[in-house]
Chemist: 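Structure provided below as structure tokens; questions to follow.
Keep in mind the model is a prediction, meaning the values are calculated, not measured. Letters A, B, ... mirror the listed sequences (proteins, then strands); counts begin at 1.
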Number of protein chains: 2
Amino acid sequence: MTAITRSDDVRRQNRRVVISVLRRHGRLSRTDICATTGLSASTVSAITADLIDETILREVRDAETTGARRGRPQVALGLNPEAATVIALVLSMNSLSAALINYAGEVIASVQRKLPTLTLPRDELVHAAVAVTGDLIAQSAKIGMRVRRIVFGVQGITDSGSRMLLWSPITQHTDVGFADAIETAFGIPTTIENDCNMIALALGEHRPDRYRDNFLAVMLSHGIGMGLVLKGQLFQGTTSSGAEFGHMNHVPEGALCRCGKRGCVEAYAGNYAIWRNAKGLPEEDAPAVDIGDEEMQALADTARDHDGPEREAYRRAGEALGYGLGSLFSLIDPAPVIFIGQGARAFDLIEGPMREAMAKTAGGQHHRLPPFETEPDERPLIREGCASLALTFVDREIFAAGAAGAQDLQRETA
Amino acid sequence: MTAITRSDDVRRQNRRVVISVLRRHGRLSRTDICATTGLSASTVSAITADLIDETILREVRDAETTGARRGRPQVALGLNPEAATVIALVLSMNSLSAALINYAGEVIASVQRKLPTLTLPRDELVHAAVAVTGDLIAQSAKIGMRVRRIVFGVQGITDSGSRMLLWSPITQHTDVGFADAIETAFGIPTTIENDCNMIALALGEHRPDRYRDNFLAVMLSHGIGMGLVLKGQLFQGTTSSGAEFGHMNHVPEGALCRCGKRGCVEAYAGNYAIWRNAKGLPEEDAPAVDIGDEEMQALADTARDHDGPEREAYRRAGEALGYGLGSLFSLIDPAPVIFIGQGARAFDLIEGPMREAMAKTAGGQHHRLPPFETEPDERPLIREGCASLALTFVDREIFAAGAAGAQDLQRETA
DNA sequence: CTATTTTTTTCGAGCCTCGAATTAAAGAGG
DNA sequence: CCTCTTTAATTCGAGGCTCGAAAAAAATAG
């Protein structure tokens, strides 16, 4: 049902627009905001005055404003870094990291912990996340800033409500209720999100020239993940975080996948699959649990050096990815792709066979794609994506509502 | 960029909501509208008074209002059938049909024409559509009603702006600019849409209990099409009508598809593929151009009668569909499916192998699906979908804007 | 020191929604 | 037959919001 609009929704929406252009552009004068948004000068004046009163915005007067122009000089406005803090939590294989981030998006504290995710009991895993979060909340309190939002990025499948980790390769537990645990411990809104989705958000923010309305971030590591943005919106499944690209079928009755089924793209293109093929092991062998980066590096070097099972393994990986992307592009039309993660270091071995396979599919035959890009280090992107999502939430749900609306929000969530 | 909100957007939006609940529920009293929408009685009173003045709504006083209730009786409001008309055009293999539909969604005139779509020159094809449309516009004018919107449903791929038929199996021409041709001929907003997408819209309207937020309509006929609704929204490609399910890859380097590539789902599950396999023809044989319904019916009967190449052909069709759906469900999570079109008559032969194949994929392993449904006759659904889309456009873009806003709209499109 | 230019704020007009009060239109009951 | 009760719909004033015009503020130019 389409929602009705009330008079105060107008102000909420326009506050949101003002905050969002400032987040995108950094600092703008009131006149700039008029030009960018289309709002009238009087409205911008009223809204910014309110936001400054609420210490969400502040005037930034530095010496080098514009230089020698005639007339009253513009005064730049910017988001007030001290308006709030958010926390970005990232859990990956054997490692938990967290960052405290101010309202301007700057990291002001961070924590890193090693922990054996594969073997840790459920409670201890959850507790580790809660403990690390508690540390950062305390640090934030020390400098007098309130943490308004927590986003937890993790490899694996989350539910569509972003409450639980349904399944993950880094732990044997399923349906782990991280978000609720953190939320009840501290009373701060928290969601848990798929790591590839966070990477996609980060790319959209960092490089809007290339990664804006439609693009894919494909993670090449032990498994295969994907973050997909369509029409400027993160694409998610209907009941899960969705877009499990790695488990599209490549070869019916094919190689054994980590998920227990056969023939998935991942069963050819994941690190364990490349390793299995390179070592000449049978396709129905159970996937190795974890393979060191150095070992994969060595495999790639051998493949580069001479033709043999290693090169063939990478060829098959590229082929699987190519067919998978081809099928995907039949559904969504082609879009720019960036390959993320440690596996992207061997992209030179993968790209040729991948393009060849794609050309054999119906998807993407009409359109020319921009060249593929790679980014081997996924970790900073995941953190930035989490931070970006958390800040956007604060912008939209808390600060756009204003003092009166904030009470509405509390009632709603209660 | 998020759009700003003006004061009059509020009224536009709330008018839209009122119109839309009336379209969904048929007839409602003002009090009912308050309850359904959450608008206050005074606002509903003001909005409905305007809409009645503009002859978009009307009071329906029939004898059997509510029966014996105390107090002032409610007076039902309904959409005024004479507020406008729209035209639903449907082009399929060798046939062009068109219907004139009033604002209440009732067909008030229709035309049907046989024409050899495969051989007709480009101009004549376009002209046929224009001519049929002209006839209905004349009929509408005769009863004093203005045609406000035309939607053209057709099998094939359209562009994302819904202006052109990019490719279609029913003609050899590509990039046929139907929408612009009709729009310039009559000055009435026109779009061209994929037939399966229209089927999905019709299902969403007819059977919201089952087909509402997430579902698929898979068309089984000469080729394989799909209409996909996610989160209540029709899913479309980024540059085309998208969701070319039939051209997802099933078997690398597999059977020759009508699209020129190899191994597409359609190359196993389309009528021509089933026919090719049943007749024992090699997989690289060029697809037959068209196969009569009776011939497919006979094939299915043979397959039901005894095991043999016919039954095996249907088994492989089911297998291809199963793997395709499995891959799709990896991306979007499982959703109810309805199989549409002539091929659905043989669904009894397809379902078993299809389920078996799906179970071998990662998609849809966790969730139980409702039983599949079938609907062999696609034509009424396509027409209803087109009509529904056209009426929704009138509701939202024209009537919600009101007299003042309508001028805005003209300026915008100019 | 005054005129000019540009930015920002202030003020009134015109919408819109909402709640309260009012009017309208029926049945219930003596 | 007339009055009371009940429910539906309209009217009216209060309070928001955006906008354009006018005014105020803050700089440079001469």
Chemist: Ignoring hydrogens and geometry, is there a side-chain-to-backbone donor-acceptor pair from B:D50 to B:I47 under 3.5 Å?
Modeler: no
Chemist: Compare the minimum distances between each of D:dC19, C:dG27, D:dT10 and the side chain of B:R30, then state the nucleotide with the smallest one.
Modeler: D:dT10
Chemist: Please figure out whether B:E59 or A:G38 has its closest DNA chain D nucleotide nearer the 5' end.
Modeler: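 The residue mapped nearer the 5' terminus is B:E59.
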Chemist: By nearest nucleotide on DNA chain D, pick out whichever of B:G71 and A:S42 is the more 5' one.
Modeler: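 Result: B:G71.
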Chemist: Is the NZ or CZ atom of B:R148 positioned over B:F393's six-membered ring, under 6.0 angstrom from the centre and within 45° of the axis?
Modeler: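 No - B:R148 does not lie over the ring of B:F393 by the 6.0 Å and 45° rule.
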Chemist: Would you mind telling me which of C:dT8, D:dA8, D:dG20 lies closest to the side-chain atoms of B:Q74?
Modeler: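 The answer is D:dA8, which lies nearest to the side chain.
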Chemist: Look at the side chain of B:R69 and decide which nucleotide, out of D:dT18, D:dA8, D:dT11, has an atom nearest to it.
Modeler: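 In terms of side-chain proximity for B:R69, the closest of D:dT18, D:dA8, D:dT11 is D:dA8.
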Chemist: Taking the side chain of B:V10 as its heavy atoms from C-beta onward, which of C:dA26, D:dC19, C:dC16 lies nearest to it?
Modeler: C:dC16
Chemist: Side-chain N or O of B:N14 versus OP1/OP2 of C:dC16: is the shortest distance under 4.0 Å?
Modeler: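 Looking at the OP1 and OP2 atoms of C:dC16, neither is under 4.0 Å from any side-chain N or O of B:N14.
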Chemist: Taking the side chain of A:L39 as its heavy atoms from C-beta onward, which of D:dA9, D:dC19, C:dC18 lies nearest to it?
Modeler: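 Side chain of A:L39 sits closest to D:dC19.
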Chemist: If you measure from CZ on B:F399 to CD1 on B:I56, what distance do you get to the nearest 0.5 Å?
Modeler: 5.0 Å
Chemist: Counting heavy atoms not belonging to B:R212, are there more than 12 under 6.0 Å from its CZ?
Modeler: no
Chemist: So what does A:T31 hit on the nucleic acid, given a heavy-atom distance under 4.0 Å: a base, only sugar-phosphate, or nothing?
Modeler: sugar-phosphate
Chemist: Can a donor-acceptor pair under 3.5 Å be found between the side-chain atoms of B:R72 and the base atoms of D:dA8?
Modeler: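 Yes, a donor-acceptor pair under 3.5 Å.
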Chemist: Closest to the B:P73 side chain: C:dA25, D:dT18, C:dT9?
Modeler: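 Nearest to the side chain of B:P73 among the choices is C:dA25.
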Chemist: Which nucleotide sits closest to the side chain of A:R70: C:dC16, D:dA29, C:dC18?
Modeler: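 The answer is D:dA29, which lies nearest to the side chain.
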